[in-house]
Amino acid sequence: MAWNPEVYDQFKEERSAPFYELLNLVESRSDLSVIDLGCGTGELTSRLLDYLEDSKVLGIDSSEEMLEKAAHFKTSRLHFEKRSIEEQLHLGDTYDLIISNAAIQWCSNHKELFPRIISKIKAGGQLAVQVPSNHEYIVHQLLRKIAGSEPYKTAYNSWEREYTVLKIEDYAGILFNHNGREITVYEKVFPHVLENAEAIFTWASGTAMLPYIERLPEDMKEQFKNDYKLELQNIFPESPVFYPFKRTFISAKF
């Protein structure tokens, strides 16, 4: 997908809060080998350097646009590589800490994915993951509603957005079945207050709307955006707008 770092960073404070919640689950140790799966702009990845003294961190991402911004945070202890999460898991490298913040939701089949990730953790290592789990909220429902109406339904040729995030008890079971210990899995609502429906549209245009837009022909993209914006304005006529954003946190040691 063609990510836009500028749009994504318009809500930097809201998008950063779950990372620090995730960091609280990570045991602060020194001299670790660390990988961040889906590092994005690299700004949050760089915060690991102070928290994990003398550790070496690799951030991977499939987006050229995001990695261009991440390059500014490169140091002797932190570097970045262009690679998808799936491609990374085909390599033989293992790590003391695998961390991922708001990225794995884009990967398919979590019941198979998580065991593959766990297999890349060294003995005594840790997994720490955060994924959005708000796919049933009205903001996502409206995207599915529009995509299922004409002329978009025909343009998508039976494609439907796949939501891969599991229930929290399923993640806990996967961790347990793969010898995880100190298992922590929970869901938390982050109470965002946005200015209006336009702000919600801008939020969604940086993430949730991307897979819908990229699959449409050029002459339909702006109309889809306008239709979505109108639906949001009908649902959220007030200002400000309360946006309860659910996220799932997953952590264990192995």
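Being a predicted model, the structure only gives us computed values, none of them experimental. Quick note: residue numbers are just sequence positions, from 1.
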Worksheet item: Got a salt bridge between Lys82 and Glu87, using NZ or NE/NH1/NH2 to carboxylate O under 4.0 Å?
Response: no
Worksheet item: Should the pair Phe224 and Tyr156 be assigned to parallel (<30°), tilted (30 to 60°) or perpendicular (>60°) ring geometry?
Response: perpendicular
Fill in: N-O pairing of Glu27 and Lys253 below 4.0 Å
yes
Worksheet entry | Any donor-acceptor pair under 3.5 Å from His110 side chain to Ile104 backbone | yes
Worksheet item: Does the pair Glu150/Lys153 count as a salt bridge with the N-to-O cut at 4.0 Å?
Response: no
Discussion item. Whether the side chain of Glu182 engages the backbone of Gln126 through a donor-acceptor N/O pair (distance < 3.5 Å, no angle test) should be reported.
Written reply: no
Worksheet item: Would you say Thr248's side chain and Glu187's backbone share a donor-acceptor pair under 3.5 angstrom?
Response: no
Please set out all donor-acceptor pairs under 3.5 angstrom arising from side-chain atoms of residues 92-100, sequence neighbours excluded.
residue: Asp96; atom: OD2; partner: Ser33; partner atom: N; Å: 2.8
residue: Asp96; atom: OD2; partner: Ser33; partner atom: OG; Å: 3.0
residue: Ser100; atom: OG; partner: Leu37; partner atom: O; Å: 2.7

Discussion item. Determine whether the aromatic ring centres of residues Tyr163 and His140 are separated by less than 6.0 angstrom.
Written reply: yes
Discussion item. Please find the pair of heavy atoms, one from Ser133 and one from Val165, that lie closest to each other, and give the distance.
Written reply: CB-CG1, 4.0 Å
Worksheet item: Looking at Phe249, does the NZ or CZ of Arg247 lie under 6.0 angstrom from its six-membered ring centre and within 45 degrees of the ring axis?
Response: no
Fill in: Point-to-point distance, once rounded to the nearest 0.5 Å, from OG of Ser251 to CD1 of Ile183
9.5 Å
Discussion item. Under 6.0 Å between ring centres: does that hold for Phe236 and Tyr243?
Written reply: no
Worksheet item: Crowded around Lys56 NZ? As in, over 12 foreign heavy atoms under 6.0 Å?
Response: no
Worksheet entry | Aromatic ring pairing His192/Trp203, orientation class (parallel under 30°, perpendicular over 60°, tilted between) | tilted
Worksheet item: Between Glu65 and Lys69, does at least one N-O distance fall below 4.0 Å, as a salt bridge requires?
Response: no
Item to complete: Tell me yes or no: between the side chains of Gln223 and Asp227, is some donor less than 3.5 Å from an acceptor?
Response: yes
Discussion item. If we ignore hydrogens and angles and just use 3.5 Å, is the side chain of Asn134 paired with the main-chain N or O of Phe245 as donor and acceptor?
Written reply: no
Discussion item. Give me the atom names and distance for the closest heavy-atom approach of Ala252 to Gly180.
Written reply: CB-CA, 4.4 Å
